[in-house]
Amino acid sequence: MAKLSLINREKKREMLVKKYAAKRAALHAVIADQSKSEEERYEARLALQKLPRNSNPTRLRNRCELTGRPRGTFRMFGLGRAKIREIAFRGEVPGLTKASW
């Protein structure tokens, strides 16, 4: 089980990313628009830098929903590899079988 503070920090980051997504997208559009003047694009870059650091989506980390483990997380299930294994052995995931050859 991951520390509760790390799990809460990640949830806070998710909320910030969602909150600033529209503003961030608008600023990126201004920066990429070649028809705008250099000064407008420069101002947009400065405004983008002033946004909170944790509002950047690249700072998000996928974590297991049950344990909060940051590594070995499967996107399809949102669970860590160990929890997927436990649940699959109990037969609670339809269509998921243990490989054998």
Side-chain angles (χ1 to χ4, degrees):
M1 187 76 183
K3 288 171 57 173
L4 195 58
S5 60
L6 296 178
I7 295 170
N8 289 336
R9 184 186 306 163
E10 195 63 34
K11 288 180 182 174
K12 182 179 177 183
R13 282 184 183 144
E14 288 173 7
M15 288 174 24
L16 279 172
V17 167
K18 192 180 293 184
K19 179 179 177 182
Y20 287 98
K23 190 172 196 175
R24 187 172 284 277
L27 289 171
H28 277 295
V30 170
I31 292 168
D33 188 3
Q34 295 293 326
S35 65
K36 300 278 187 185
S37 70
E38 283 295 320
E39 189 172 310
E40 285 178 307
R41 294 170 64 205
Y42 179 73
E43 292 296 325
R45 282 195 294 274
L46 290 179
L48 188 65
Q49 288 177 359
K50 289 182 180 177
L51 293 179
R53 221 174 236 185
N54 282 333
S55 69
N56 193 343
T58 59
R59 292 177 69 97
L60 289 176
R61 180 77 188 211
N62 292 334
R63 288 186 173 268
C64 175
E65 290 293 322
L66 299 178
T67 62
R69 180 179 165 83
R71 295 183 177 205
T73 305
F74 286 73
R75 289 181 187 173
M76 181 185 287
F77 303 107
L79 299 172
R81 57 182 173 76
K83 286 298 171 182
I84 287 177
R85 186 172 186 269
E86 287 175 16
I87 292 171
F89 282 156
R90 289 195 303 253
E92 296 176 5
V93 181
L96 190 66
T97 57
K98 187 174 185 295
S100 62
W101 57 91

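Since the model is a prediction, treat every value here as computed from it, not as a measurement.
With hydrophobic clusters built from ILVMFWY side chains whose heavy atoms lie under 4.5 angstrom apart, F89 does not share a cluster with I84. The hydrophobic cluster containing L96 also contains L79, counting ILVMFWY residues as joined when their side-chain heavy atoms lie under 4.5 angstrom apart, directly or transitively. Put simply, M1 and L6 are part of two different groups of oily side chains (I, L, V, M, F, W, Y) that touch within less than 4.5 Å, one to the next. Under a hydrophobic-cluster definition in which Ile, Leu, Val, Met, Phe, Trp and Tyr are linked whenever side-chain heavy atoms come within less than 4.5 Å, directly or via other members, L27 and Y42 are assigned to different clusters. Grouping the Ile, Leu, Val, Met, Phe, Trp and Tyr side chains by contacts below 4.5 angstrom, directly or via other members, places L51 apart from V17.
Of all heavy-atom pairs spanning I7 and A2, the tightest one is CD1-O, 3.9 Å. Between N62 and T73, the shortest heavy-atom distance links the atoms O-OG1, 3.7 Å.
Partners of E92 by side chain to side chain donor-acceptor pair (under 3.5 Å), not counting sequence neighbours, listed by chain and number: R90.
Within the structure, every pair that satisfies the salt bridge (charged side-chain N to carboxylate O under 4.0 Å, His left out) test and touches residues 69-88, not counting sequence neighbours, is listed here: K83-E86. Evaluation of the salt bridge (charged side-chain N to carboxylate O under 4.0 Å, His left out) test over residues 22-50, restricted to residues two or more places apart or in two chains, returns E38-R41.
Separation of atoms CG (L48) and OH (Y20) is listed at 12.0 Å; rounding is to 0.5 Å. Rounding to the nearest 0.5 angstrom, the gap separating the CZ atom in R63 from the CZ atom in R9 is 8.5 Å.
Panel note: side chain S55, backbone P52; a donor-acceptor pair is recorded below 3.5 Å.
Under 4.0 Å is where a charged nitrogen must lie from a carboxylate oxygen, and between E10 and R13 at least one such pair does.
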